[in-house]
Amino acid sequence: MSNHLRRRRAATILFSLIVACLLGLGGLLAGSYLWGHLGPPAKDPDDTEASLCGLLVGGVVVMSGFAALLWKFWPRATPKAPQSSGT
């Protein structure tokens with residue numbers, strides 16, 4: 001495997017992880033927001049159901065975003081051109 005291909009794969013994984021973490025943070029905030037507005041009213045400020053809903057939504061967003069980004073940006077094998085025999 002060439003050095004360029006290894007570096008590109010490493011960059012793809014790093015980029016996918018960074019974007020997936022940002023998507024997960026957005027999912028956490030969106031899940032907490034939706035639970036706060038659509039869920040039952042909280043009786044205490046440390047409402048764990050809202051946090052769990054946010055973690056669940058954030059986790060789903062992270063896993064799907066990471067898989068989609070890896071699938072889209074992973075370097076594909078290019079087919080080799082046929083060798084000419086020179087005759």
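All residue numbers in this chain count up from 1 along the given sequence.
- Residues passing the side chain to side chain contact (heavy atoms under 4.5 Å, CB included) test with T12 are R8, S16, L70, F73, W74, P75, sequence neighbours excluded.
- To the nearest 0.5 Å, the span separating CZ on R9 from CG on L5 amounts to 4.5 Å.
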Name the atoms and distances for all side-chain donor-acceptor pairs under 3.5 Å in residues 56-63, with sequence neighbours left out.
none

For residues 18-27, tabulate all N or O donor-acceptor pairs below 3.5 Å that involve a side-chain atom, not counting sequence neighbours.
none

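- Residues satisfying the ring-ring contact (aromatic ring centres under 6.0 Å, His included) test with H37, not counting sequence neighbours, are Y33.
- In plain terms, the two heavy atoms of F15 and L69 that are nearest each other are CE2-CD2, 4.2 Å.
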